[in-house]
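Letters go in sequence order (proteins before strands), and every chain restarts at 1.
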Amino acid sequence: MTTEHTANQASLAPVQVKTKRRLPSEINILLVLIGIAIVYEILGWMFVGQSFLMNQQRLTIMILQVSVIGIIAVGVTQVIITGGIDLSSGSVVGMTAMIAASFAQSAAWTRAVYPSLTDLPFIVPMLVGLGIGLLAGLINGWLIAYTRIPPFIATLGMMVSARGVSKWYTKGQPVSGLTDDFTFIGTGIWPVVVFLTVAAIFHVALRYTRYGKFTYAIGANVQAARVSGINVERHLIKVYAIAGLLAGLAGIVTAARAQTAQAGMGVMYELDAIAAAVIGGASLAGGVGRITGTVIGTIILGVMTSGFTFLRVDAYYQEIVKGMIIIAAVVVDVYRQKKRKT
Amino acid sequence: MPNPATVSPPTMAAVRASGAVPNAEYLLTVENVRKEFPGVLALDDVSLRLRRGTIHALMGENGAGKSTLMKILAGIYTPDRGEVRLKGVPIRLQSPLDALENGIAMIHQELNLMPFMTVAENIWIRREPLNGFGLVDHRRMRRMTADLFKRLNIGIDPESQVRDLSVANRQMVEIAKAVSYESDVLIMDEPTSALTEREVAHLFEIIRDLRSQGIGIVYITHKMNELFEIADEVSVFRDGRYIGTHKSSDVTREDIIRMMVGREITQMFPKETVLIGETVLSVKNLSLNGIFTDVSFEVRAGEILGIAGLVGSGRSNVAETIFGVTPATGGSIEIRGRPVRIDSPTTAIREGMAFITEDRKETGCLLILDVLENMQIAVLQDRFVRGGFVSEREVSAACETMADKLRVKTPNLYERVENLSGGNQQKVLIGRWLLTKPRILILDEPTRGIDVGAKAEIHRLVSVLAKDGVAVIMISSEMPEVLGMSDRIMVMHEGRVTGFLDHAEADQVKVMELAAR
Ligand SMILES: Nc1ncnc2c1ncn2[C@@H]1O[C@H](COP(=O)(O)OP(=O)(O)OP(=O)(O)O)[C@@H](O)[C@H]1O
Ligand SMILES: [Mg+2]
């Protein structure tokens, strides 16, 4: 039995089609965002008799509301890309809000936490807040890198403890009477500026720096990353530290925006941040995720909430539907990825 | 386009059970199958026929489409066009489970075991024997595994965890698992790429035995000698096309190569005579608790030191220890006469080392990232980075050049490595390390899964590096490779060095004597 096909022998050049870099997956998420907006627009005209999108004030409030989530989500995205998770960011927001605010009280306020430390320049509470956030992140990172406990557990511990600190700090009392110097960062459009600046910085860092390349490599295959010479432990500490730092920044913005700090600030923010990252295309399995996606994911969360309010949906229903939309967004994404593979 | 005559799998299983299947001449026929991936036409009008009780070798260059066709037969991919017939009955498989139920089992090119489960659990997964309460009957499962291993003459403890096994033993477990399905068709995608000669001989016994039971075996390999030793027939693919089928007794090695690459490949091992310089790496009494003891050797600039030994001899462990993956528990390492302490790959790389590991899936590839990201990751440690920023243009240019040089078959550098064929993944990893311009190059089974043409090219590259004064350590289970490439061969047995052989005096017999002592 010898059958040799010689018919197409001549045309045996490699069959290859040159294609460019794949379309960024953000396009899909952007379409989801546009889709949701259009649905609201239509429902708006049908039930409320006005436009959802043609209302600049509404859009401004919408993005203001999610800016804090967005700042955290930028850090959480990086953690997720390494294959980890950060459950502590919401509590760190509360903790830094309390502690930073206690260094930002004005002398006119009679019940200051530190009566002798009032009217300090803006830089002091700022640095204190960032420092506290950084410290929390470093502890998370150190635990994960060197004791090898799973990120879920390490950051769960931090989530509980940090919340404890924010309650213990003033025995549950709010910290008020903040200086105008400090609250400035929470006024007007500033929170949005902070969010987008942070997003831009880390977008660049993930795309164009060695830090970014190593972050993706660790998430894709830790062992291979280690054999390739990446100091995995040190890098993980860096990533969690950055996430902590950004949570600290978010805490400062939160306190400044509310002009007061309360122990309950930032509750559940970590889940919104994770949701924003995952809606934006980050994979909890690691190695996948982009800041641009996370920004869009954050805005989707904002649009959803704002749209519910706009349509005067009962607050109870809001949460039910929000949960379903988050799941739907991810299901669509997973399905799309699977389709591409076969 | 579903064929009206297509039998759905449950029916096929029923037909099988009734034993009424016509005794068609061919167990399995593939006709005019086409499969396209985004940007790649992996199979173009391919046909193949597998006779009952034969071993059918499938050969072709890396990326020729061999694994893709096998994955179609195993129900992982569905063909865009064409027909697959099992004993004359057209079938359309929907999932790997379908394939198994129809009597087609496959051993994949990459290992697919669950590391944190025992050998027995891995083998009987989804088919665990249950006790009266509907719970897994571990005792019976252990006995079933022991019986299977006894039949196949495999000496692995069914209760050991897979992650504790060597790559070769994992491969044997995969083989046992595939055999345990008692299928009619057994597909083996490069089963021997991680095995040493001894296990290969063992595997061949198993395969011959299966053949005598009437099972049809598709056997993919890049090793020419295996073809002549075991195969009855051989089919060759090139660039997604079917080239031809011959009786293996009717063809020569040269015929096959010509069919595979469409041109002659003359020199297989272009070993060059190199001026050997001073000692670069010197290892003294290196030990790792319970794994290997008192390993001492030197490698000089321009020298290629081959390490031979059977599975479990500790060869790969020695390499891992030198590279800092598992730091030594005793002994010392000197580089150019200077004592160094290598406690992590990071320090090893700083000392100018590079290490191509044995298991590309576990410790090599960043599967979900693209070719560029995979290739650049090691070199970014100290090149192409300014102030933390990667100079994207320069590094992609360097990677592009390297990919061309190694003839990596990929639509572009932005293809996920996951989508590359096994051999091409290996080339990407070799490229990753060659980019770092190492002074000491450690290769663990470097040509695993690499086709003949590319293999010669890699051997040439290694020779050129040696000529430039790189000290090379090469672990290989392929005898011709070790014998052909090495200036000296160090042989290991059960964690100890049993001897050194010079290029001139070394031959297969002497190496085996030292390896099996
Ligand atoms: N899931 C996939 N997505 C995109 N391209 C793919 C996919 N799987 C395989 N390919 C491409 O199809 C071609 C054939 O691949 P295949 O794995 O069948 O090669 P092979 O003959 O088994 O090679 P090797 O000897 O290296 O294992 C390759 O160019 C490969 O890049
Ligand atoms: Mg293959």
Side-chain angles (χ1 to χ4, degrees), chain A residues 1-24 81 83 204-235 238 283 285-289 337 339-342, chain B residues 38-42 44-45 47 49 63 76-78 233 238-247 250-251 259 262 323 325 344-346 348-350 355 357 360-370 373-374 376-378 380-381 385 388-390 392 409-412 414 418-419 432 436:
Chain A
M1 195 197 106
T2 41
T3 47
E4 181 140 9
H5 289 196
T6 42
N8 51 10
Q9 206 75 320
S11 58
L12 273 173
V15 197
Q16 285 185 17
V17 189
K18 286 271 172 198
T19 49
K20 273 270 147 51
R21 207 186 254 269
R22 285 190 307 271
L23 265 185
I81 292 172
V204 171
L206 282 179
R207 283 290 288 276
Y208 303 106
T209 69
R210 177 159 60 185
Y211 164 82
K213 310 279 175 196
F214 286 6
T215 306
Y216 284 101
I218 289 174
N221 184 344
V222 195
Q223 291 196 56
R226 186 171 282 126
V227 174
S228 304
I230 297 173
N231 189 330
V232 174
E233 285 72 29
R234 218 174 52 202
H235 197 87
K238 258 189 228 169
S283 155
V288 181
Q337 296 209 4
K339 222 170 79 179
R340 212 188 48 221
K341 270 185 78 174
T342 47
Chain B
V40 186
L41 184 53
D44 184 10
D45 201 20
S47 303
R49 290 165 170 188
I76 295 166
Y77 297 147
T78 45
E233 286 179 342
R238 188 195 318 160
D239 287 321
R241 296 192 182 96
Y242 170 76
I243 303 294
T245 302
H246 296 274
K247 276 208 170 69
D250 290 352
V251 284
M259 288 169 78
F323 199 69
V325 181
S344 72
T346 318
I349 291 171
R350 209 170 293 141
F355 180 29
T357 57
R360 59 173 165 260
K361 192 173 165 193
E362 284 272 311
T363 53
C365 290
L366 310 168
L367 283 172
I368 55 171
L369 301 188
D370 64 29
E373 287 165 318
N374 269 273
Q376 69 184 7
I377 201 70
L380 291 184
Q381 292 293 343
V385 179
F389 280 84
V390 176
E392 205 81 38
K409 190 185 171 205
T410 174
N412 54 54
Y414 307 113
E418 198 172 31
N419 292 341
R432 173 193 290 175
T436 65

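Here the closest non-hydrogen pair linking B:Cys365 and A:Ala224 is O-CB, 4.1 Å. Between B:Thr363 and A:Val227, the closest heavy-atom pair is O-CB, 4.1 Å.
Residues satisfying the side-chain contact (heavy atoms from CB on, under 4.5 Å) test with B:Val385, not counting sequence neighbours, are A:Arg210, B:Leu380, B:Val390. The side-chain contact (heavy atoms from CB on, under 4.5 Å) check on B:Arg350 picks up B:Thr346, B:Thr347, with sequence neighbours excluded.
Residue B:Arg432 touches chain A through its side chain alone, counting heavy-atom pairs closer than 4.5 Å. Residue B:Phe389 touches chain A through both its backbone and its side chain, counting heavy-atom pairs closer than 4.5 Å. When heavy atoms are compared at a cutoff of 4.5 Å, B:Thr357 approaches chain A solely by way of its side chain, counted from C-beta outward.
For the atom pair CG of B:Leu369 and NZ of A:Lys213, the computed distance is 10.0 Å after rounding to the nearest 0.5 Å. Between the CD atom of B:Gln381 and the CG atom of A:Asn231 there is a distance of 9.0 Å, given to the nearest 0.5 Å.
Contacts with chain A were tallied for B:Ile349, B:Asn374, B:Ile377; B:Ile377 has the most, counting heavy-atom pairs under 4.5 Å.
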